[in-house]
Amino acid sequence: MRAVPTEAIPLPPPRHVAIIMDGNGRWAKTRGLPRVAGHQRGADAVRSTVIACRELGIAYLTLYAFSSENWKRPPAEVDDLMGLLRLYLRRELAELHRNGVRVKVIGERQRLAGDITALIEEAEGRTHANLGLTLVIALNYGSHDEIVAACKRIAERVEAGGLSAAQVDETLFAGHLQTVGIPDPDLVIRTSGEQRLSNFLLWQAAYAELCFIDTLWPDFSKQHLVDAIHEFHRRERRFGASSG
Ligand code: FPP
(Lines give C-alpha, C1' and ligand atoms only; values in the text may rest on other atoms or scores of the structure.)
Protein backbone atom coordinates (compact mmCIF):
# COMPACT_ATOMS: atom_id res chain seq x y z
CA MET A 1 0.00 0.00 0.00
CA ARG A 2 1.16 3.54 -0.76
CA ALA A 3 1.70 5.70 2.32
CA VAL A 4 -0.36 8.90 2.41
CA PRO A 5 0.38 11.63 4.97
CA THR A 6 -2.27 11.80 7.68
CA GLU A 7 -2.96 15.49 6.94
CA ALA A 8 -3.79 14.74 3.30
CA ILE A 9 -7.12 13.01 3.86
CA PRO A 10 -9.40 14.40 1.18
CA LEU A 11 -11.84 11.51 1.09
CA PRO A 12 -14.80 10.68 3.28
CA PRO A 13 -14.09 7.87 5.73
CA PRO A 14 -15.87 4.54 5.33
CA ARG A 15 -18.83 4.37 7.67
CA HIS A 16 -17.83 1.08 9.27
CA VAL A 17 -14.30 -0.27 9.66
CA ALA A 18 -13.79 -3.74 11.14
CA ILE A 19 -10.38 -4.99 12.22
CA ILE A 20 -8.93 -8.45 12.80
CA MET A 21 -6.17 -7.57 15.24
CA ASP A 22 -3.50 -10.17 14.53
CA GLY A 23 0.19 -10.52 15.32
CA ASN A 24 0.46 -9.82 19.05
CA GLY A 25 2.27 -13.09 19.67
CA ARG A 26 4.77 -12.55 16.84
CA TRP A 27 5.37 -8.98 17.98
CA ALA A 28 6.36 -10.31 21.41
CA LYS A 29 8.37 -13.22 20.03
CA THR A 30 10.58 -11.05 17.84
CA ARG A 31 11.45 -9.06 20.97
CA GLY A 32 12.07 -12.12 23.15
CA LEU A 33 9.08 -11.17 25.31
CA PRO A 34 6.21 -13.33 26.64
CA ARG A 35 3.05 -13.38 24.53
CA VAL A 36 1.20 -11.38 27.16
CA ALA A 37 3.51 -8.43 26.43
CA GLY A 38 2.25 -8.51 22.82
CA HIS A 39 -1.35 -8.54 24.00
CA GLN A 40 -0.65 -5.63 26.35
CA ARG A 41 0.79 -3.59 23.50
CA GLY A 42 -2.17 -4.75 21.45
CA ALA A 43 -4.50 -3.20 24.03
CA ASP A 44 -2.53 0.07 23.69
CA ALA A 45 -3.11 -0.12 19.93
CA VAL A 46 -6.84 -0.55 20.60
CA ARG A 47 -6.84 2.67 22.61
CA SER A 48 -5.00 4.67 19.93
CA THR A 49 -7.12 3.19 17.13
CA VAL A 50 -10.35 4.25 18.85
CA ILE A 51 -8.96 7.81 19.08
CA ALA A 52 -7.88 7.69 15.42
CA CYS A 53 -11.34 6.55 14.32
CA ARG A 54 -12.95 9.42 16.22
CA GLU A 55 -10.55 11.89 14.66
CA LEU A 56 -11.20 10.52 11.18
CA GLY A 57 -14.98 10.61 11.58
CA ILE A 58 -15.53 6.87 11.27
CA ALA A 59 -18.98 6.03 12.64
CA TYR A 60 -18.51 2.33 13.51
CA LEU A 61 -15.39 0.41 14.51
CA THR A 62 -15.62 -3.32 15.15
CA LEU A 63 -12.65 -5.06 16.78
CA TYR A 64 -12.18 -8.84 16.88
CA ALA A 65 -10.95 -9.11 20.46
CA PHE A 66 -11.55 -12.80 21.21
CA SER A 67 -12.91 -15.43 18.85
CA SER A 68 -14.98 -18.44 19.85
CA GLU A 69 -11.93 -20.50 18.78
CA ASN A 70 -9.53 -18.59 21.08
CA TRP A 71 -10.59 -20.81 24.02
CA LYS A 72 -8.28 -23.43 22.49
CA ARG A 73 -5.27 -21.35 23.59
CA PRO A 74 -3.42 -22.29 26.79
CA PRO A 75 -5.54 -21.36 29.84
CA ALA A 76 -2.91 -18.86 31.06
CA GLU A 77 -3.11 -16.95 27.76
CA VAL A 78 -6.91 -16.98 27.84
CA ASP A 79 -6.70 -15.55 31.38
CA ASP A 80 -4.29 -12.86 30.20
CA LEU A 81 -6.61 -11.85 27.37
CA MET A 82 -9.67 -11.79 29.64
CA GLY A 83 -7.68 -9.77 32.16
CA LEU A 84 -6.80 -7.20 29.51
CA LEU A 85 -10.42 -6.93 28.40
CA ARG A 86 -11.49 -6.49 32.01
CA LEU A 87 -8.87 -3.78 32.47
CA TYR A 88 -9.85 -2.05 29.24
CA LEU A 89 -13.54 -1.94 30.14
CA ARG A 90 -12.77 -0.73 33.69
CA ARG A 91 -10.18 1.88 32.82
CA GLU A 92 -11.48 3.22 29.53
CA LEU A 93 -15.22 3.39 30.11
CA ALA A 94 -15.25 6.86 31.67
CA GLU A 95 -13.14 8.32 28.87
CA LEU A 96 -15.06 6.53 26.12
CA HIS A 97 -18.28 7.89 27.59
CA ARG A 98 -16.84 11.41 27.92
CA ASN A 99 -15.92 11.27 24.24
CA GLY A 100 -19.39 10.22 23.16
CA VAL A 101 -18.40 6.66 22.23
CA ARG A 102 -21.18 4.08 22.26
CA VAL A 103 -19.94 0.64 23.31
CA LYS A 104 -21.54 -2.54 22.05
CA VAL A 105 -20.33 -6.10 22.53
CA ILE A 106 -21.19 -8.96 20.18
CA GLY A 107 -20.48 -12.63 20.83
CA GLU A 108 -21.73 -15.36 23.12
CA ARG A 109 -21.74 -14.08 26.71
CA GLN A 110 -22.65 -17.26 28.58
CA ARG A 111 -19.10 -18.56 28.74
CA LEU A 112 -17.64 -15.27 29.99
CA ALA A 113 -16.88 -14.65 33.66
CA GLY A 114 -19.70 -12.97 35.57
CA ASP A 115 -17.71 -9.82 36.32
CA ILE A 116 -16.85 -9.37 32.62
CA THR A 117 -20.52 -9.74 31.68
CA ALA A 118 -21.35 -7.14 34.33
CA LEU A 119 -18.71 -4.75 32.95
CA ILE A 120 -20.10 -5.22 29.44
CA GLU A 121 -23.62 -4.48 30.63
CA GLU A 122 -22.40 -1.39 32.46
CA ALA A 123 -20.47 -0.16 29.41
CA GLU A 124 -23.39 -0.73 27.05
CA GLY A 125 -25.91 0.72 29.49
CA ARG A 126 -23.93 3.83 30.29
CA THR A 127 -23.04 4.67 26.69
CA HIS A 128 -26.14 3.54 24.80
CA ALA A 129 -27.40 7.06 24.05
CA ASN A 130 -24.03 8.39 22.86
CA LEU A 131 -23.93 9.67 19.32
CA GLY A 132 -20.22 9.54 18.51
CA LEU A 133 -18.24 6.51 17.36
CA THR A 134 -19.90 3.14 17.95
CA LEU A 135 -17.21 0.77 19.21
CA VAL A 136 -18.26 -2.84 18.67
CA ILE A 137 -16.12 -5.35 20.54
CA ALA A 138 -16.41 -8.91 19.24
CA LEU A 139 -15.83 -11.07 22.29
CA ASN A 140 -16.24 -14.84 22.22
CA TYR A 141 -17.60 -14.18 18.76
CA GLY A 142 -17.77 -16.55 15.81
CA SER A 143 -19.83 -16.09 12.66
CA HIS A 144 -20.80 -19.75 12.36
CA ASP A 145 -22.26 -19.74 15.89
CA GLU A 146 -24.01 -16.45 15.19
CA ILE A 147 -25.56 -17.70 11.93
CA VAL A 148 -26.66 -21.02 13.43
CA ALA A 149 -28.24 -19.20 16.39
CA ALA A 150 -30.10 -16.90 13.97
CA CYS A 151 -31.37 -19.93 12.01
CA LYS A 152 -32.59 -21.55 15.22
CA ARG A 153 -34.48 -18.44 16.31
CA ILE A 154 -36.12 -18.09 12.92
CA ALA A 155 -37.02 -21.80 12.85
CA GLU A 156 -38.58 -21.44 16.31
CA ARG A 157 -40.67 -18.52 15.14
CA VAL A 158 -41.82 -20.52 12.10
CA GLU A 159 -42.61 -23.55 14.31
CA ALA A 160 -44.59 -21.35 16.67
CA GLY A 161 -46.66 -20.18 13.72
CA GLY A 162 -45.77 -16.50 13.97
CA LEU A 163 -43.77 -16.50 10.75
CA SER A 164 -43.98 -18.32 7.42
CA ALA A 165 -40.96 -19.67 5.54
CA ALA A 166 -41.86 -17.36 2.65
CA GLN A 167 -41.31 -14.35 4.90
CA VAL A 168 -37.68 -15.28 5.52
CA ASP A 169 -35.52 -12.97 3.45
CA GLU A 170 -32.15 -11.22 3.82
CA THR A 171 -33.54 -8.39 5.91
CA LEU A 172 -35.32 -10.71 8.30
CA PHE A 173 -32.25 -12.92 8.58
CA ALA A 174 -29.92 -9.99 9.27
CA GLY A 175 -32.35 -8.86 11.94
CA HIS A 176 -31.64 -12.06 13.86
CA LEU A 177 -27.86 -11.57 13.88
CA GLN A 178 -26.05 -10.00 16.82
CA THR A 179 -25.14 -7.05 14.62
CA VAL A 180 -28.78 -5.99 14.18
CA GLY A 181 -28.87 -2.20 13.88
CA ILE A 182 -25.20 -1.96 12.91
CA PRO A 183 -24.50 -1.27 9.22
CA ASP A 184 -22.38 -3.84 7.40
CA PRO A 185 -18.64 -3.13 7.43
CA ASP A 186 -17.33 -1.27 4.38
CA LEU A 187 -13.70 -2.08 5.08
CA VAL A 188 -12.21 -5.07 6.88
CA ILE A 189 -8.55 -4.77 7.83
CA ARG A 190 -6.42 -7.69 9.00
CA THR A 191 -2.96 -7.07 10.34
CA SER A 192 0.11 -9.34 10.40
CA GLY A 193 0.07 -10.52 6.79
CA GLU A 194 -2.47 -13.33 7.24
CA GLN A 195 -5.15 -13.31 4.54
CA ARG A 196 -8.34 -14.88 5.87
CA LEU A 197 -11.49 -13.87 7.72
CA SER A 198 -11.25 -16.46 10.51
CA ASN A 199 -15.00 -16.70 11.17
CA PHE A 200 -15.37 -12.90 11.51
CA LEU A 201 -18.52 -11.14 10.23
CA LEU A 202 -18.93 -13.64 7.37
CA TRP A 203 -22.47 -12.57 6.53
CA GLN A 204 -21.92 -8.88 7.20
CA ALA A 205 -18.67 -8.58 5.21
CA ALA A 206 -20.20 -9.92 1.98
CA TYR A 207 -19.41 -6.69 0.11
CA ALA A 208 -16.65 -5.26 2.29
CA GLU A 209 -13.30 -4.29 0.83
CA LEU A 210 -10.64 -6.48 2.42
CA CYS A 211 -7.30 -4.94 3.27
CA PHE A 212 -4.48 -7.16 4.48
CA ILE A 213 -1.46 -5.40 5.88
CA ASP A 214 1.85 -6.83 7.05
CA THR A 215 2.14 -4.67 10.16
CA LEU A 216 1.69 -6.56 13.43
CA TRP A 217 -1.26 -5.32 15.49
CA PRO A 218 0.78 -3.72 18.34
CA ASP A 219 2.48 -1.52 15.72
CA PHE A 220 -0.78 -0.46 14.06
CA SER A 221 -1.09 3.35 13.94
CA LYS A 222 -3.37 6.05 12.61
CA GLN A 223 -1.18 6.20 9.51
CA HIS A 224 -1.94 2.54 8.72
CA LEU A 225 -5.64 3.31 9.05
CA VAL A 226 -5.34 6.33 6.75
CA ASP A 227 -3.45 4.22 4.19
CA ALA A 228 -6.17 1.56 4.33
CA ILE A 229 -8.86 4.21 3.79
CA HIS A 230 -7.02 5.48 0.72
CA GLU A 231 -6.75 1.93 -0.57
CA PHE A 232 -10.51 1.56 0.05
CA HIS A 233 -11.21 4.62 -2.08
CA ARG A 234 -8.92 3.43 -4.87
CA ARG A 235 -11.08 0.35 -5.28
CA GLU A 236 -14.30 0.54 -7.20
CA ARG A 237 -17.19 -0.87 -5.21
CA ARG A 238 -19.84 -2.27 -7.52
CA PHE A 239 -21.91 -4.53 -5.21
CA GLY A 240 -22.26 -7.07 -8.02
CA ALA A 241 -23.19 -4.59 -10.77
CA SER A 242 -21.09 -4.23 -13.94
CA SER A 243 -18.67 -1.31 -14.36
CA GLY A 244 -19.28 1.81 -16.44
C1 FPP B 1 -4.18 -12.03 17.78
O2 FPP B 1 -2.80 -12.08 17.98
C3 FPP B 1 -4.83 -11.26 18.81
C4 FPP B 1 -5.75 -11.75 19.69
C5 FPP B 1 -6.17 -13.16 19.68
C6 FPP B 1 -6.36 -10.93 20.72
C7 FPP B 1 -6.55 -9.49 20.47
C8 FPP B 1 -6.54 -8.83 21.80
C9 FPP B 1 -6.05 -7.61 22.08
C10 FPP B 1 -5.54 -6.71 21.03
C11 FPP B 1 -5.93 -7.10 23.47
C12 FPP B 1 -7.17 -6.82 24.22
C13 FPP B 1 -8.32 -6.28 23.45
C14 FPP B 1 -9.06 -5.21 23.82
C15 FPP B 1 -10.29 -4.84 23.05
C16 FPP B 1 -8.70 -4.34 24.96
P17 FPP B 1 -2.11 -13.51 18.14
O18 FPP B 1 -1.92 -13.76 19.58
O19 FPP B 1 -2.89 -14.55 17.41
O20 FPP B 1 -0.73 -13.23 17.43
P21 FPP B 1 0.16 -14.29 16.63
O22 FPP B 1 -0.66 -14.77 15.47
O23 FPP B 1 1.33 -13.47 16.22
O24 FPP B 1 0.51 -15.37 17.60
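All ligand and atom numbering here is 1-based and tracks the order in the structure. Residue numbers count from 1 along this sequence.
- The distance criterion of under 3.5 Å between nitrogen or oxygen atoms is met by Gly25 with respect to ligand 1.
- Within the 4.5 Å cutoff, side-chain heavy atoms of Ile213 are placed close to those of Phe220.
- Residue Gly42 has at least one heavy-atom neighbour below 4.0 Å for each of these atoms of ligand 1: 10 (C).
- If you check the side chains of Thr215 and His224, you find a donor sitting under 3.5 Å from an acceptor.
- Numbered from 1 in the order shown, with element, the atoms of ligand 1 that lie under 4.0 Å from a heavy atom of Trp217 read 10 (C).
- Close contacts of ligand 1 with Leu81, meaning ligand atoms under 4.0 Å from a residue heavy atom, involve 6 (C), 8 (C).
- Remark: the Thr117 side chain and the Arg109 side chain contain no N/O donor-acceptor pair separated by less than 3.5 Å.
- Distance from atom 1 (C) of ligand 1 to its nearest protein heavy atom, with residue and atom name: Met21 O, 3.1 Å.
- The N/O atoms of Trp27, backbone and side chain alike, include none that comes under 3.5 Å of an N/O atom in ligand 1.
- Met82 pairs in a side chain to side chain contact (heavy atoms under 4.5 Å, CB included) with only one of the listed residues (Ile116, Asn70, Asn140, Leu87), which is Ile116.
- In this structure, the protein non-hydrogen atom closest to atom 9 (C) of ligand 1 is Asn24 ND2, 3.8 Å.
- Distances from ligand 1 to the non-hydrogen atoms of Glu194 include no value under 4.0 Å.
- Ring pair Phe200/Tyr141 is perpendicular by interplanar angle, where above 60° counts as perpendicular and below 30° as parallel.
- In the vicinity of Arg35, heavy-atom distances shorter than 4.0 Å reach the ligand 1 atoms 17 (P), 18 (O), 24 (O).
- Counted by atom type alone, Gln204 and His16 present zero donor-acceptor pairs between their side chains at under 3.5 Å.
- A salt bridge between Glu95 and Arg54 is absent, with no side-chain N of the basic residue lying under 4.0 Å from a carboxylate O of the acidic one.
- Interface atoms of ligand 1 facing Asn70, defined by a heavy-atom separation under 4.0 Å, are 5 (C).
- Selection from Arg73, Glu77, Met82 by nearest heavy atom to atom 17 (P) of ligand 1 gives Arg73.
- Around atom 15 (C) of ligand 1, the closest heavy atom drawn from Asp44, Leu89, Leu85 belongs to Leu85.
- Between Asp22 and ligand 1, an N or O atom pair is found at a separation short of 3.5 Å.
- Of the protein's heavy atoms, Arg26 NH2, 2.9 Å lies nearest to atom 22 (O) of ligand 1.
- In this structure, Arg196 pairs ionically with Glu194, as a charged nitrogen and a carboxylate oxygen lie closer than 4.0 Å.
- The atoms of ligand 1 that sit less than 4.0 Å from any heavy atom of His39 are 11 (C), 18 (O).
- Looking at Tyr88 next to ligand 1, no N or O pair under 3.5 Å apart turns up.
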For Asp44 and Gln40, run side chain to side chain donor-acceptor pair (under 3.5 Å): C-alpha distance rounded to whole Å, both residues' side-chain angles, the deciding distance at 0.1 Å, then the answer. CA-CA 7 Å; Asp44 294 341; Gln40 281 162 348; over 6 Å; no
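- Residues Ser198 and Arg190 bring a donor and an acceptor atom of their side chains to less than 3.5 Å of each other.
- The pair Glu156-Arg153 does not meet the salt-bridge criterion, since no charged nitrogen lies less than 4.0 angstrom from a carboxylate oxygen.
- Ligand 1 has Gly23 within reach: a non-hydrogen atom of the residue lies less than 4.0 Å from it.
- In terms of protein heavy-atom proximity, atom 6 (C) of ligand 1 is closest to Ala65 O, 3.4 Å.
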